[in-house]
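Take a look at the structure below.
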There are 2 protein chains.
Amino acid sequence: MSETHAPARGAATLHDVAREAGVSLATASRVLNGSTRKVAESYRERVDAAAEKLGYTANLSAQATARGTSAIVALLVADIGDVSFGRLASGVVRGAEEAGFIVTIADTGRDPERELRLVRTLRGQRPRGLILGVARKAGSDSAALQNELTALAAMGCHVVVLGEGEPGQRSISLGNRGGAEALGAELAELGYRQAVVIGGPEGLRASDDRIGGFTAGFTDGGGTTAAVRHGATTRDAGYAVARELLADGLAEGTLIFGVSDLVAAGIASALRDAGRQVGVDIAVAGFDDIPTCRDIGPGLTTVRAPFDDLGYRALRAAVESDWQHDAEVPLALEVVVRGSTPRRDG
Amino acid sequence: MSETHAPARGAATLHDVAREAGVSLATASRVLNGSTRKVAESYRERVDAAAEKLGYTANLSAQATARGTSAIVALLVADIGDVSFGRLASGVVRGAEEAGFIVTIADTGRDPERELRLVRTLRGQRPRGLILGVARKAGSDSAALQNELTALAAMGCHVVVLGEGEPGQRSISLGNRGGAEALGAELAELGYRQAVVIGGPEGLRASDDRIGGFTAGFTDGGGTTAAVRHGATTRDAGYAVARELLADGLAEGTLIFGVSDLVAAGIASALRDAGRQVGVDIAVAGFDDIPTCRDIGPGLTTVRAPFDDLGYRALRAAVESDWQHDAEVPLALEVVVRGSTPRRDG
DNA sequence: TTGTACGCGTTATCAC
DNA sequence: GTGATAACGCGTACAA
């Protein structure tokens, strides 16, 4: 038997494997990790056996320092507890596994200050890519953040921002505007003529795009958007604003569009609590197609937003060495009509 | 002025900073990264200035190799797209930021084979902790996985499993059983006497615990659990099984408990589609308290499960050097009664 | 094809 | 207090 050289503590190192197999460090490295160089079959077997026996797994940190580049993609999101971001992360992680990358995740809690701090921290990982899934407000990108991002880019990190990016930046967008436009058009076609929109805070890109798209589609179809209210993008905000709307008086047959399903869910509850019937009395539509859409009221009409696909693509964009925006085909958003917006006669 | 030694490409290194500040590597290291050693104020200032000027950020990989230990916690979940796991991740990430750790995430897709592969991969990171948020089936832990875990533990990685762990393992559980028991008791108190349970696949710990807890609490309160049906833990499964139940005939005043809110949401829709009225005709209760609970039917009675707290605690358990199970106080699960289970007279 | 030796960026142990 | 210098675990010219 071979001598006792079991790694007293800690994991087996490449050195251990080489010794156990009776080969040089270099040879062991070549067989265990991808190298173009060839190594004799007999050696290969011995090394593999030794690695297996010792339970060797390459130390990724050491590999990263040696190679000068890591197999890490950092994901920064506004709120990982949010369903949509969860699905986004799901797509990112799926892509990462395929591509052999590791995903690190951080959460800004929608706080720009924290975002900046986190991006700084992330730089330490020397990630190959950074996916910025943060709710962006128009023109709110601080210079400091931009500096960080260009610094990141300078060290070879592919920064991909979700939504519209600056020119020259890798970016990929969900298609909020187009999806909402299709929704507006469809609802106009269904016979709705009066709509009210409950959106997120003014300036929030995703919200603004959805509002703009919906209004365009609905107007083109012959409808009129009577009002746009701004609030938080939450269920409670939807509920609260809807109650205000009801207090102000809301004509029967009016359609309320909430910029997200969560908002729409709040709206539906507000209507119900006020004794109005969703769908027959007042119509409601949302955006996202969260899992419980079918179970809200008579079923919530919405737009299916493929956040997982978005995440998957973002990862590809973060990982590929060359990437061109133009090659991207738009994601497929699908209008899903349910009971909350039945066809209107008339 | 100092010479031109701008790092041609890539990030500034500690070496660069030291040279720019005109001090030694060691000194630069001491001021920039935590060291107990003191360094003169004048030097400290110069180093800080140089670091700032060069935009220095420590290379974490290099730090990890040098220190022999990383500041990484790996999170392995069954499905990050699931709301509950999203909230879990949220808590983990929050704790990690506090503790100065980085979180890497991977997704098993509920596939044991993939789980094993991923744990192997994760070993490469030499993480300080590993959080296993995977849906566990009783007795399904393969020997191979156990081996991996002990290997991990041997290299100093704190493995913390969510749910009931093996003795000697760090584990922390949500309290499914207790929560469900409280729910059962509360519903019995509200006057319900007949219940049917729609659970997940047989053997799934979380599901079994909830079923067992509910039955115990309900029975103790004077109720009877007429039947337990097993299926997937999904909305569609809830819907399908509920339809079967209806086809078989369901007495008015019966209560249906779905082991998760998603299942319960499906149940509620099945009832509605069959012309039954949730709450007045048949009662429904769930578990988790997902965001749209209030907007499903007349509001879904459920148990608020603090997944984010669970995640936060899991991170603490993964990070702390010594940790004892006994010190953990149970998480606070709260029964939330809503319209889907009004008080029954009689 | 195989092995030697140096470098990656950082920490830590020593002398000074 | 400060600065050389040897690790850390691994990749990879380069030489053999």
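Chain letters run A, B, ... following the sequence lines, proteins first and then strands; every chain starts at 1. As the structure is a computational prediction, the values presented were derived from the model and not from experiment.
Residue Ala26(B) is classed as a base contact, given a heavy-atom separation below 4.0 Å to a base. At a threshold of 4.0 angstrom between heavy atoms, the contacts of Thr27(A) are confined to the sugar-phosphate backbone, with no base atom among them.
By the side chain to side chain donor-acceptor pair (under 3.5 Å) test, Thr27(B) is found to be paired with Ser24(B), residues two or more places apart in sequence or in another chain being considered. Under the rule for a side chain to side chain contact (heavy atoms under 4.5 Å, CB included), the partners of Asp82(B) that lie at least two apart in sequence or sit in another chain are Asp79(B), Ser84(B), Phe85(B), Arg110(B). Residues satisfying the side chain to side chain contact (heavy atoms under 4.5 Å, CB included) test with Ala58(A), not counting sequence neighbours, are Asn33(A), Tyr56(A), Gln63(A). By the salt bridge (Lys or Arg N to Asp or Glu O under 4.0 Å) test, Glu45(B) is found to be paired with no residue, residues two or more places apart in sequence or in another chain being considered. Residues satisfying the salt bridge (Lys or Arg N to Asp or Glu O under 4.0 Å) test with Arg123(B), not counting sequence neighbours, are Glu148(B). Scanning for salt bridge (Lys or Arg N to Asp or Glu O under 4.0 Å) contacts around Arg67(B) gives an empty result, with sequence neighbours left out. In this structure Glu97(B) satisfies the salt bridge (Lys or Arg N to Asp or Glu O under 4.0 Å) test together with Arg114(A), Arg117(A), sequence neighbours excluded.
Considering only heavy atoms from C-beta on, Glu166(A) comes within 4.5 Å of Gln146(A) through its side chain. Contact annotation: the side chain of Leu162(A) never approaches that of Ser171(A) to less than 4.5 Å [non-hydrogen atoms, C-beta and beyond].
Rounded to 10 degrees, the angle separating the terminal axes of the helix from dT1(C)-dA16(D) to dC16(C)-dG1(D) is 40°, with each axis obtained from five end pairs.
Along DNA chain C, read 5' to 3', the first and last nucleotides having any atom under 4.0 Å from a heavy atom of chain B are dG9(C) to dC14(C). Contact footprint of chain B on DNA chain D: nucleotides with an atom under 4.0 Å from a non-hydrogen protein atom, first to last in 5' to 3' order, dG1(D) to dC8(D).
Heavy-atom distances under 4.0 Å link DNA chain C to Asn59(B), Ala62(B), Gln63(B), Thr65(B), Ala66(B), Arg67(B) of residues 59-67 of chain B, given in residue order.
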Acceptor/donor pairs from residues 307-315 of chain B side chains to any protein atom, 3.5 angstrom cut, sequence neighbours excluded:
residue, atom, partner, partner atom, Å
Asp308(B), OD1, Arg87(B), NH2, 3.3
Tyr312(B), OH, Glu98(B), OE1, 2.7
Tyr312(B), OH, Glu98(B), OE2, 3.4
Arg313(B), NH1, Glu328(B), OE1, 3.0
Arg313(B), NH1, Val329(B), O, 2.4
Arg313(B), NH2, Val329(B), O, 3.2

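Comparing Gly68(B) and Val23(B) by the nucleotide of DNA chain D whose heavy atom lies nearest to each, the residue mapping closer to the 5' end is Val23(B). Between Arg30(A) and His15(A), it is His15(A) whose nearest contact on DNA chain D lies nearer the 5' terminus.
Looking at Ile80(A), Val93(A), Leu132(A), Val103(A) one by one, the single match for side chain to side chain contact (heavy atoms under 4.5 Å, CB included) with Leu75(A) turns out to be Val103(A).
Around the CD atom of Glu41(B), the shell of radius 6.0 Å holds more than 12 heavy atoms that belong to other residues, nucleotides or ligands.
Side chain of Arg128(A) to main chain of Val73(A): no donor-acceptor pair is present (N/O by atom type, distance under 3.5 Å, no hydrogens or angles).
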